[in-house]
Amino acid sequence: MSDVIIKDAAQIELMRHAGKLLAQVFKELDSFVNAGVSTMAINDFVERYIVEELNARPASKGQYGYQYSLNTSVNEVICHGIPSENQILEESNIINVDITLEKNGYIADSSKMYLIGSCQPPAQRLCDVTYQAMWQGIKAVKPGARLGDVGYAIASFAHQHGYTVVKEYCGHGIGEQMHEAPQVLHYGRMNTGMILEPGMTFTIEPMINEGKAKVKNLADGWTVITADKKLSAQWEHTILVTELGYEVLTLRDEETLF
């Protein structure tokens with residue numbers, strides 16, 4: 001990846017607009033994700049909404065040869081799960097839906113966990129702690145802070161609650177391209193790494209495992225699962241470094257800032 005691209009006011013406004021549209025996608029999706037629905041139906045629902053209702057583009061489709069508009073990662077799938085007509089959501093499943101949207105040349109990226117029906121307390125706790133870990137990382141964002149501060153905040157919180165952090169996959173800069181500099185690790189040491197500056201935009205998207213951190217890549221070339229087949233959870237937002245701190249560009253209506 002090339003050097004970090006600092007966005008100007010006009011570019012930030014375009015990214016802010018893309019982020020708001022993506023938050024709207026999740027709002028529409030919330031009532032659709034239920035037991036009995038296939039992961040391919042989720043993909044098709046989101047693609048139609050982005051294209052037909054928002055006049056935007058699902059940025060994941062065609063990226064690196066990927067055929068679909070989003071990723072659906074169920075239970076032990078850490079990330080990059082492929083939608084399928086044969087994968088039907090069942091009671092007690094957990095699923096991460098990871099969506100990208102491009103509007104007017106700029107991309108927003110976000111993901112959300114959905115708990116299907118009455119989930120067992122361990123699954124609920126994993127999803128809750130992962131969400132809070134993401135926010136611990138977000139709250140560390142401000143001018144003059146370092147990327148190591150962000151990773152440290154996430155990993156230390158997850159470890160305190162008995163979970164492990166996936167190290168093979170990370171957040172990333174975002175803008176006109178889905179993946180720009182810098183890489184945003186979800187672990188690290190305080191006072192290390194790149195210094196944050198206003199105008200930087202990147203994702204924070206921790207993947208937290210119930211069991212061991214070890215991952216396994218499936219033969220389809222995309223899907224990544226936990227090696228011990230225990231649950232994994234992930235949440236993601238697109239973040240702007242502001243003059244005073246941060247702005248969550250993909251913040252959803254139901255969320256309140258921690």
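Just so we're clear, the structure is a prediction, and the values are computed from it rather than from any experiment. These values consider heavy atoms only, across backbone and side chains, with no hydrogens, waters or symmetry-generated copies.
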S60 vs M178, side-chain contact (heavy atoms from CB on, under 4.5 Å): CA-CA, chis, key distance, verdict: CA-CA 8 Å; S60 296; M178 188 188 303; 4.0 Å; yes

Output field: ring centroids Y187/H159 closer than 6.0 Å: no

Ring geometry between Y169 and H80 (parallel below 30°, tilted from 30 to 60°, perpendicular above 60°):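 Taking Y169 first and then H80, their aromatic rings stand perpendicular (interplane angle over 60°).
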
Mutual orientation of the aromatic rings belonging to W222 and Y66 [parallel < 30°, tilted 30-60°, perpendicular > 60°]: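 Ring orientation, 0 to 90° scale: perpendicular.
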
Please confirm whether the backbone N or O of [Y] pairs with a side-chain atom of [X], one donor and one acceptor, at under 3.5 Å?
| X | Y | value |
| --- | --- | --- |
| K103 | N55 | yes |
| D8 | A10 | yes |
| T250 | A23 | no |
| D44 | A41 | no |

Is the count of non-hydrogen atoms from other residues, nucleotides or ligands lying under 6.0 Å from [X] atom [atom1] greater than 12?
| X | atom1 | answer |
| --- | --- | --- |
| Q63 | CD | yes |
| E243 | CD | no |
| Q120 | CD | no |
| Q177 | CD | no |

Between [X] and [Y], do the side chains contain an N or O donor and an N or O acceptor separated by less than 3.5 Å?
| X | Y | result |
| --- | --- | --- |
| Q132 | H161 | no |
| H172 | E205 | yes |
| Y106 | R16 | no |
| D109 | T238 | no |

Pair K230 + E76, salt bridge at N-O below 4.0 Å: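 E76 and K230: not salt-bridged.
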
Ionic contact status for K7 with E180, cut-off 4.0 Å: yes

Any pair counted as side-chain hydrogen bond (donor to acceptor under 3.5 Å, both in side chains), so long as it reaches residues 27-36, sequence neighbours left out: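 Those involving residues 27-36 are K27-D253, D30-K112, D30-Y114.
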
Verdict with reasoning, V184 to T203, per side-chain contact (heavy atoms from CB on, under 4.5 Å): CA-CA 7 Å; V184 181; T203 69; 5.8 Å; no

Anything under 3.5 Å between a donor and an acceptor, one on a side chain of residues 143-152, the other on a protein residue two or more places apart or in another chain? List them.
unit_1 : atom_1 : unit_2 : atom_2 : d
R146   : NH1    : G193   : O      : 2.7
D149   : OD1    : N191   : N      : 2.7
D149   : OD2    : R146   : N      : 3.0

Cation over ring face, K61 and Y68, 6.0 Å, 45°: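 Not satisfied by the 6.0 Å and 45° rule.
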
